[in-house]
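Right, one structure below, let's go through it.
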Amino acid sequence: LREARRARAEGHPARALALAERASALAATPDALTTLGAALRDVGDIPGSERALRRSLDLLGSVRENAPAWTALAATLRARGDLDEAESAARRVIEEDEEDAHGWRVLALVAGDRADVARAAEAWERSARLGLDPPGALAGLAGLRKDCLARGDTVGAADVESRIARLRRG
């Protein structure tokens, strides 16, 4: 399971999937199914990802005990285009633990998809302040700023720029 997670982090989705399938076949634990669901999403099998993640939640459904599955499900629902359900799953994670950086990151992506600049910017900044890939959050904010400028939203772009500056200052 550890190797599957490492392969995902290193950008080897096919290898990660093979390792996650092996791990979940040996023991269909919530962790193994969550990793399998994420690996399936990485290779574009969104229905398979959702099935694996829902199986993980069937085994251990509380947000407090299985936040990674809830966050992964939110990302999969976003990939499927179901932004309402993705937001709902991410919010469940954040409501349980305001300091869950991964929940904030998914919420940032969903809000960005909806062009909800204020909420997306806040969520990007929050995820970075909680320690989740600050350079990635800065890149997400830069993309959000670019989208604002493309739409002629100079007020939104200025807000995003001030958040970028705050994060860079630390």
Side-chain angles (χ1 to χ4, degrees), residues 5 8-9 20 24 28-148 151 153 155-164 166-167:
R5 290 179 181 145
R8 282 191 71 232
S24 66
T29 65
D31 282 347
L33 291 166
T34 298
T35 301
L36 176 61
L40 286 163
R41 183 182 60 246
D42 291 346
V43 299
D45 183 354
I46 303 306
S49 173
E50 187 173 352
R51 278 191 303 277
L53 293 166
R54 290 198 186 277
R55 281 182 56 213
S56 175
L57 292 171
D58 286 345
L59 294 174
L60 189 62
S62 95
V63 175
R64 181 170 301 282
E65 295 174 324
N66 202 358
W70 281 101
T71 303
L73 179 62
T76 294
L77 293 168
R78 175 182 174 260
R80 181 162 57 86
D82 191 343
L83 299 181
D84 290 339
E85 287 299 313
E87 181 176 350
S88 177
R91 286 202 175 280
R92 284 184 75 165
V93 172
I94 294 166
E95 287 167 5
E96 185 67 36
D97 180 3
E98 284 186 0
E99 296 193 6
D100 188 299
H102 296 280
W104 284 106
R105 180 63 52 96
V106 174
L107 191 59
L109 293 165
V110 170
D113 290 346
R114 290 185 162 157
D116 185 340
V117 175
R119 283 190 18 212
E122 177 188 354
W124 278 115
E125 185 175 12
R126 195 83 181 257
S127 73
R129 292 206 181 280
L130 291 168
L132 180 60
D133 184 25
L138 286 168
L141 284 165
L144 189 59
R145 180 180 175 278
K146 183 179 175 183
D147 291 346
C148 287
R151 287 191 312 274
D153 179 4
V155 173
D159 175 56
V160 173
E161 186 61 42
S162 70
R163 291 174 187 274
I164 290 171
R166 276 197 305 267
L167 283 174

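Since the model is a prediction, treat every value here as computed from it, not as a measurement. Only heavy atoms go into these numbers, but all of them, side chains included; no hydrogens, no water, no symmetry mates. Quick note: residue numbers are just sequence positions, from 1.
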(request) Identify which one of Leu77, Asp82, Leu83 satisfies the side-chain contact (heavy atoms from CB on, under 4.5 Å) criterion when paired with Val110. (result)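 Testing Val110 for a side-chain contact (heavy atoms from CB on, under 4.5 Å) against Leu77, Asp82, Leu83 leaves exactly one candidate, Leu83.
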(message) Rounded at 0.5 Å granularity, tell me how far CD1 in Ile94 sits from CD in Glu99.
(response)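 CD of Glu99 is found 12.0 Å from CD1 of Ile94.
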(request) Output the distance between atom OG (Ser24) and atom CG (Leu33), rounded to the nearest 0.5 Å. (result) 6.0 Å
Partner residues of [X] under the salt bridge (Lys or Arg N to Asp or Glu O under 4.0 Å) criterion, sequence neighbours left out:
X      : result
Arg55  : none
Asp116 : Arg119
Glu161 : Arg145
Asp153 : none

(request) Just grab all the salt bridge (Lys or Arg N to Asp or Glu O under 4.0 Å) pairs involving residues 37-53, residues at least two apart or on different chains. (result) Arg8-Asp42, Glu50-Arg54, Glu50-Arg80
(request) Could you name each residue pair satisfying salt bridge (Lys or Arg N to Asp or Glu O under 4.0 Å) that touches residues 135-144, not counting sequence neighbours? (result)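 Listed once each, the pairs would be none.
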(request) Applying side-chain hydrogen bond (donor to acceptor under 3.5 Å, both in side chains), name anything that partners Glu95, two or more places apart in sequence or on another chain. (result) none
Which atom pairs, donor and acceptor, lie under 3.5 Å between side-chain atoms of residues 128-140 and protein residues at least two apart or in another chain?
| from | atom 1 | to | atom 2 | distance (Å) |
| --- | --- | --- | --- | --- |
| Arg129 | NE | Glu125 | OE2 | 3.4 |
| Arg129 | NH2 | Glu125 | OE2 | 3.3 |
| Asp133 | OD1 | Gly136 | N | 3.1 |
| Asp133 | OD2 | Gly136 | N | 3.4 |

Sequence neighbours left out, what passes side chain to side chain contact (heavy atoms under 4.5 Å, CB included) with [X]? Give chain and number order.
X      : answer
Ala108 : Ala123, Trp124
Ala69  : Thr34, Ser56, Leu57, Asn66
Thr29  : Ala27, Asp31, Ala32
Glu65  : Leu60, Ser62

(message) If we ignore hydrogens and angles and just use 3.5 Å, is the side chain of Trp104 paired with the main-chain N or O of Ala90 as donor and acceptor?
(response)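 Not a single qualifying donor-acceptor pair exists.
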(request) Considering only NZ, NE, NH1 and NH2 on the basic side and carboxylate oxygens on the acidic side, decide whether Arg114 and Glu87 come within less than 4.0 Å. (result) yes
